[in-house]
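A short write-up of the structure that comes next.
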Amino acid sequence: MMGKKDNVERTQMEIASLEDLVPRNHLVRKLDEAIDMSFIYEEVKDLYSDFGRESIDPVVLIKIAMIQYIFGISSMRKTIREIEVNFAYRWYLGYGMHEEIPHFSTFGKNYSRRFKDTDLFEKIFSKILSEVAANGFLDTESLFIDGTHIKASANSHKYQNEVIRKEARSYEKELQEEIKRDRQEHGKKPLKEKEKEPEMITQKISTTDPDSGWFHKGEHKQVFAYAANTCCDKNNYVLDFEVTAGNVHDSVSFWHLYRRLRQNWKYGIYYVMDAGYKIPSIARQLIKDGKTPVMPYKRPMTQAGFFKKYDFVYDEFFDCYLCPNHKVLHYTTTNREGYREYKSDWLICQSCPHRDRCTNSKDSVKVITRHVWENYMEQVEEIRHTIGMKERYKQRKETIERVFADAKEKHGMRYTQYRGLAKIKMELNLLFGCMNLKKLAIWKWRIKWGAKYRSSSLQFFCSSIKFKFENWKWVKKRFADMTSRTVLSTV
């Protein structure tokens with residue numbers, strides 16, 4: 001018989017509380033038990049006046065934004081609409097069934113007028129992370145670092161070309177000292193310190209969001225974006241991040257992130273990174289600090305059909321290179337970029353049978369360069385071939401890449417609706433903090449209720465085994481009786 005549901009229940013009057021309407025295992029209950037958000041009152045008390053009309057609870061404002069990021073709602077306007085009709089969200093905020101929810105513009109106005117230029121969101125992120133550490137959920141032996149891009153809220157057709165000053169490398173002073181020392185060891189005069197004008201470059205600057213950067217996404221797509229260099233532990237908890245414009249390379253923004261990691265997570269031993277970070281300065285800094293860089297093989301960027309750099313053997317004792325034809329390339333100089341230059345004898349190269357695969361230079365001279373910190377890169381290669389390093393590097397797809405995948409697919413990090421570097425940093429502090437809080441809440445809930453479920457499951461398993469054993473004894477006895485009867489009847 002086909003059942004038909006009427007709509008009488010829509011107008012039925014019932015007496016119920018929000019506590020009864022929210023399921024016991026709902027995520028908002030886990031979030032509420034995981035951390036006490038009342039610490040926000042102490043952080044923002046100086047931002048409110050002692051007089052005037054009572055404001056909206058600051059904890060409620062932060063929780064509204066957290067609901068947006070945790071449940072992956074695309075905008076604050078939609079978040080408010082969801083809260084208005086969702087009893088679980090109202091329960092988490094402490095709002096009754098008929099209590100009016102704040103306007104969707106309230107959070108934005110509070111940010112621009114009250115929370116702007118404060119470290120409130122950094123403190124929220126740090127508080128959640130400290131709670132994770134207090135529960136023993138962090139595993140910081142290996143730190144996984146990678147960068148991802150966030151599409152900016154900027155029209156890719158509205159820009160202007162500007163000539164800007166190129167920023168100096170953060171390790172420039174140390175590099176110049178190393179160049180000077182290397183030239184002295186080779187009997188070369190120090191390079192003349194000429195007053196050169198700062199290097200200028202031309203870049204596309206968005207007129208909508210000047211803080212964003214022009215980013216080539218794949219082979220065809222070009223957009224304005226932001227870059228987020230992020231570090232997580234083995235359990236996928238985000239430890240820290242650095243936000244830059246989308247056209248800043250990962251190896252440049254690494255330094256600001258690494259200084260904070262070295263200070264806050266000094267017990268991290270292995271730094272697992274992709275090929276974008278594989279440069280001599282990063283390898284040198286990590287090894288000098290007692291860290292173990294775990295990086296992949298990087299394919300030589302050599303013209304097709306020509307000898308690769310590894311085809312030329314370096315002799316450390318005589319400080320020279322041997323070419324595939326067993327000829328010597330001698331040291332000539334160390335340039336301003338920190339590379340030693342090794343050149344071949346043009347008389348020998350002119351008659352070399354491998355010349356077409358070696359060099360296209362008009363003077364028939366082959367030049368091999370070697371960075372003054374190249375020995376650190378060789379140590380990185382030795383580490384790569386150490387037992388266990390390959391498996392450790394493979395964990396990237398389960399850790400930092402999984403963090404980015406979840407952040408973009410489940411928590412709305414693929415695009416941003418904010419403009420300006422400060423707002424993007426605020427957004428990521430809340431987003432990564434919410435991701436950490438969600439994982440923390442689920443893990444604590446499993447520990448709290450898992451023991452009960454495991455004990456009940458074990459009891460059920462044992463009782464079922466006992467029932468099956470007793471049942472099997474009865475079946476065995478019954479089969480024996482039937483067998484004996486069959487034998488007697490036959491006789």
Side-chain angles (χ1 to χ4, degrees), residues 69-70 72 125 128-129 132 137-152 213 215-219 221 223 225-244 246-254 256-258 260-261 265 268-279 282-283 286 291-299 380 383-384 388-416 424-425 427-440 442-443:
Y69 293 121
I70 291 176
F125 176 83
I128 295 173
L129 192 58
V132 175
F137 294 154
L138 291 181
D139 185 352
T140 57
E141 182 186 24
S142 296
L143 302 182
F144 300 86
I145 301 177
D146 201 0
T148 189
H149 286 84
I150 308 167
K151 188 178 183 300
F215 167 62
H216 293 255
K217 186 177 182 181
E219 297 181 359
K221 188 70 173 178
V223 296
Y226 287 92
N229 273 263
T230 311
C231 175
C232 75
D233 74 332
K234 189 177 179 180
N235 295 329
N236 291 20
Y237 285 103
V238 178
L239 304 179
D240 206 342
F241 65 93
E242 179 69 21
V243 186
T244 60
N247 52 7
V248 178
H249 196 267
D250 291 344
S251 61
V252 177
S253 55
F254 165 82
H256 299 287
L257 176 63
Y258 175 67
R260 295 196 300 269
L261 292 174
W265 308 101
I269 300 175
Y270 301 96
Y271 277 70
V272 186
M273 300 173 285
D274 64 6
Y277 301 89
K278 195 173 182 180
I279 60 175
I282 292 179
L286 290 174
K291 311 300 181 182
T292 304
V294 182
M295 301 178 183
Y297 169 75
K298 189 174 182 180
R299 186 174 57 184
V380 171
I383 293 171
R384 186 172 68 87
M389 293 301 107
K390 185 176 180 180
E391 290 73 17
R392 196 177 295 273
Y393 181 79
K394 285 183 177 180
Q395 293 176 352
R396 285 184 65 257
K397 63 178 179 292
E398 304 166 0
T399 53
I400 189 64
E401 292 183 3
R402 177 62 184 272
V403 168
F404 290 150
D406 288 346
K408 291 187 175 184
E409 294 297 326
K410 299 180 181 179
H411 304 286
M413 201 182 75
R414 189 174 298 278
Y415 307 94
T416 179
I424 302 301
K425 186 176 292 186
E427 181 183 22
L428 291 186
N429 270 301
L430 280 177
L431 191 147
F432 286 138
C434 289
M435 291 180 65
N436 288 344
L437 176 59
K438 181 180 177 181
K439 185 180 289 290
L440 168 67
I442 294 174
W443 283 25

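If you read the sequence from its start, that first residue is 1, and numbering goes on from there.
- At least one donor-acceptor pair under 3.5 Å links the side chain of His149 to the backbone N or O of Gly246.
- Asp146 meets the salt bridge (Lys or Arg N to Asp or Glu O under 4.0 Å) test with Arg396; sequence neighbours excluded.
- Looking at His411, its side chain does come within 3.5 Å of a backbone N or O of Tyr69 through a donor-acceptor pair.
- Under the 3.5 Å distance criterion, the side-chain polar atoms of Lys291 are matched with a main-chain donor or acceptor of Gly268.
- Checked for salt-bridge contact, Arg414 and Glu409 meet the test: a charged N lies under 4.0 Å from a carboxylate O.
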>> For a side-chain contact (heavy atoms from CB on, under 4.5 Å) check, start with the C-alpha distance between Leu430 and Met435, then their side-chain angles and the critical distance, and finish with the verdict.
In response: CA-CA 9 Å; Leu430 280 177; Met435 291 180 65; over 6 Å; no
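- Within the cation-pi definition used here (under 6.0 Å to the ring centroid, within 45° of the axis), Arg384 does not qualify as a partner of Tyr297.
- Put simply, the side chain of Asn247 never gets that close to the backbone of Ala225: no donor and acceptor are under 3.5 Å apart.
- Centroid-to-centroid, the aromatic rings of Phe125 and Phe432 stay 6.0 Å apart or farther.
- Atoms CZ and CD, from Arg392 and Glu141 in turn, are 5.0 Å apart once rounded to the nearest 0.5 Å.
- In this structure, the side chain of Asp233 engages the main chain of Asn235 through a donor-acceptor pair within 3.5 Å.
- Panel note: side chain Lys397, backbone Arg402; no donor-acceptor pair is recorded below 3.5 Å.
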